[in-house]
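We're numbering straight along the sequence, starting at 1.
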Amino acid sequence: MSSITFPHLDEDMGSSSSPSSMHDSMQTSFYAPPAFDMSSSFQMNPLSAHPPRTPRSSSAAHFRNMSMSISVYDEKGEEQQDTETVRGENVEVDEDGVEELDEEDARVKEAEKLVKTHEVWRDLFVTSNGRDKAFKLMQYSIRVYLLFHRKILFRGGNSAWQLEIVRRLLAAKNGFSFTRKMLIMFNWLNPLSQVLAQQSVPFSSSGSSLTPHSLTPAPASSSKSSQSYAGPFLSHPFLRALLSAPPPILLELANGLSDDIYALSRLGLIGPKLGERASRFANWCWLLSTLVGLVENGVEMGVIEGLQREVQSRAYKESLSGATSKSQPKESKIDERELARLQKKNYWLQISRAKLAMDFIFVAYDIFGIKGWKDSIQSFAGLAAAVLSSAKLYDKQKNVLVNKALAS
């Protein structure tokens with residue numbers, strides 16, 4: 001068996017010559033625990049089958065980690081303070097926006113106070129449309145009064161002064177009707193200008209192509225074939241624009257021309273037969289345009305009501321999430337203004353629908369030859385239509401004056 005070598009044996013033997021000292025030095029060197037260097041890193045034995053235990057961190061490292069975590073939390077606290085400062089600045093911006101909205105509302109209210117009622121009527125009566133509405137109110141007011149005069153107030157009155165009153169009122173009613181025919185003459189120029197404006201559009205209306213005509217000239221063979229198929233009459237640019245115009249514009253154009261022909265017959269420049277035919281054709285155009293207007297009004301009211309529900313649902317969701325007019329003043333103010341605007345537009349759409357319904361009832365009696373209660377129903381329907389159309393025109397002119405007051 002080989003001998004076992006002990007560490008530091010030669011040094012101990014050289015330093016001490018006694019056997020006892022040598023034995024003590026051997027025990028001390030053999031059983032002495034190894035000295036660990038706290039600064040050196042831990043090294044794993046590569047021959048060991050089990051990994052070493054994870055050493056515990058020292059107290060100095062613990063305090064260092066605590067200081068690092070404290071510094072991190074201090075930085076997060078500073079960032080949170082900065083975020084709160086930015087939010088405070090945003091709140092100030094929102095408050096400024098709310099103040100601007102409030103100032104704008106106050107300016108609108110002040111401008112509405114500056115606009116007087118007589119100024120609105122003055123500007124209305126300057127235009128032929130405003131005078132037409134005023135004469136229409138007087139005409140159908142007289143018709144309604146004559147109904148009460150004949151059937152309720154003076155049912156059996158055949159005295160001379162009563163007959164004279166009725167005669168004068170009838171003459172005034174017919175005079176207002178004839179004056180209104182003169183005032184609305186040449187109204188067909190407005191739809192005609194819209195038809196002619198389509199000729200100046202540089203894009204092609206055929207298909208879905210948006211290529212200008214000048215950049216895509218048609219071949220000579222195709223142009224000749226189209227002219228031979230449509231003829232020189234239908235190939236005219238005005239007729240092409242007329243055929244491509246929307247139906248409401250065409251109905252308005254035909255109605256205006258027919259009304260002018262009937263007015264000329266009332267003046268005696270055209271025969272009465274042609275005037276009656278033109279009047280009947282104008283009534284048909286009026287009926288169809290009223291139906292088209294009712295359809296468009298229904299579609300627009302559906303869109304407005306959908307937008308109203310969207311704004312109301314958004315406000316309801318904000319209220320459920322805890323947002324109030326104090327936490328989000330600008331958003332709530334904008335929603336309130338948008339909802340008020342939509343409600344006002346919906347209100348005037350309802351007024352327009354009622355006016356179109358009155359027009360439909362009035363013209364249906366003339367076209368379909370309904371005899372029962374014709375005078376009474378047409379009188380009340382005409383008066384209601386006159387009131388509603390006058391209210392719409394008054395509000396429109398008032399808005400024009402308010403905008404002028406705001407601009408000045």
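- Side-chain contact between D260 and N187 is absent, with no heavy atoms from C-beta onward closer than 4.5 Å.
- Rounding to the nearest 0.5 Å gives a distance of 10.5 Å between CD1 of I351 and CG of N346.
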Inset, instruction - Using the side-chain contact (heavy atoms from CB on, under 4.5 Å) rule, take Y316 and Q312 through it: C-alpha gap first, then chi angles, then the decisive distance, then the call. - result: CA-CA 6 Å; Y316 180 70; Q312 290 174 354; over 6 Å; no
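- The shortest distance between side-chain heavy atoms of L339 and E336 does not fall below 4.5 Å.
- The shortest non-hydrogen separation linking N283 to V363 is O-CG2, 3.4 Å.
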Inset, instruction - Report the C-alpha distance between L169 and H149 in whole Å, list the side-chain angles of each, state the deciding distance to 0.1 Å, and finish with yes or no for side-chain contact (heavy atoms from CB on, under 4.5 Å). - result: CA-CA 11 Å; L169 290 176; H149 182 87; 5.8 Å; no
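- For S390 against L137, the heavy-atom pair with the smallest separation is OG-CD1, 3.5 Å.
- The neighbour count for F281 CZ, taken as heavy atoms of other residues, nucleotides or ligands under 6.0 Å away, does not exceed 12.
- Inter-residue side-chain proximity for L383 and S141 is flagged as met; some heavy-atom pair is nearer than 4.5 Å.
- A distance-only check finds a donor-acceptor pair linking the side chain of N174 to the backbone of L170 [under 3.5 Å].
- I142 and A172 get closest at one heavy-atom pair: CD1-CB, 3.9 Å.
- Between D366 and R280 there is no salt bridge, since none of the side-chain N atoms of the basic residue sits less than 4.0 Å from a carboxylate O of the acidic one.
- Note: F362 and W286 have tilted aromatic rings, judged against thresholds of 30 and 60 degrees for the angle between ring planes.
- The distance from atom CG of L274 to atom CD of E276, rounded to the nearest 0.5 Å, is 10.0 Å.
- Between V292 and L288, every side-chain heavy-atom pair lies at or beyond the 4.5 Å cut-off.
- Atom CZ of R277 has 12 or fewer heavy atoms from other residues, nucleotides or ligands within 6.0 Å.
- Y347 OH: 12 or fewer foreign heavy atoms inside a 6.0 Å radius.
- The environment of CZ in R168 is sparse: at most 12 heavy-atom neighbours from other residues, nucleotides or ligands sit within 6.0 Å.
- Within the 4.5 Å cutoff, the side chain of E300 has heavy atoms near those of the K345 side chain.
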Inset, instruction - Any chance you could lay out the side-chain contact (heavy atoms from CB on, under 4.5 Å) test for F148 and V144, step after step, and finish with the verdict? - result: CA-CA 7 Å; F148 285 97; V144 171; 3.6 Å; yes
Inset, instruction - Give the C-alpha distance, both sets of side-chain angles, the deciding distance and a yes or no for side-chain contact (heavy atoms from CB on, under 4.5 Å) between W121 and Y394. - result: CA-CA 8 Å; W121 288 113; Y394 179 87; 3.8 Å; yes
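- Considering only heavy atoms from C-beta on, R143 comes within 4.5 Å of Q378 through its side chain.
- A donor-acceptor contact closer than 3.5 angstrom is absent between the side chains of N403 and N399.
- Residues A134 and F125 share a closest heavy-atom pair of CB-CE2, 3.5 Å.
- Crowding of W373 atom CH2: a count of heavy atoms from other residues, nucleotides or ligands under 6.0 Å not exceeding 12.
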Legend entry - Audit row: R167, E164, salt bridge (Lys or Arg N to Asp or Glu O under 4.0 Å) steps and yes/no: CA-CA 5 Å; R167 185 186 65 81; E164 183 65 19; 2.3 Å; yes
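- Ion pair K355/D359 flagged as a salt bridge, since at least one NZ, NE, NH1 or NH2 atom sits closer than 4.0 Å to an Asp/Glu carboxylate oxygen.
- With respect to the salt-bridge test (charged N to carboxylate O, under 4.0 angstrom), the residues E119 and K116 do not qualify.
- Here the shortest heavy-atom pairing between Y262 and S279 reads CD1-CB, 3.6 Å.
- Between E252 and S289, every side-chain heavy-atom pair lies at or beyond the 4.5 Å cut-off.
- N297 places a side-chain N or O within donor-acceptor distance of the main-chain N or O of L349, the cut-off being under 3.5 Å.
- Looking only at distances, no side-chain donor or acceptor of N255 sits under 3.5 Å from a matching main-chain atom of L251.
- With S389 contributing its side chain and A386 its backbone, the two residues share a donor-acceptor pair below 3.5 Å.
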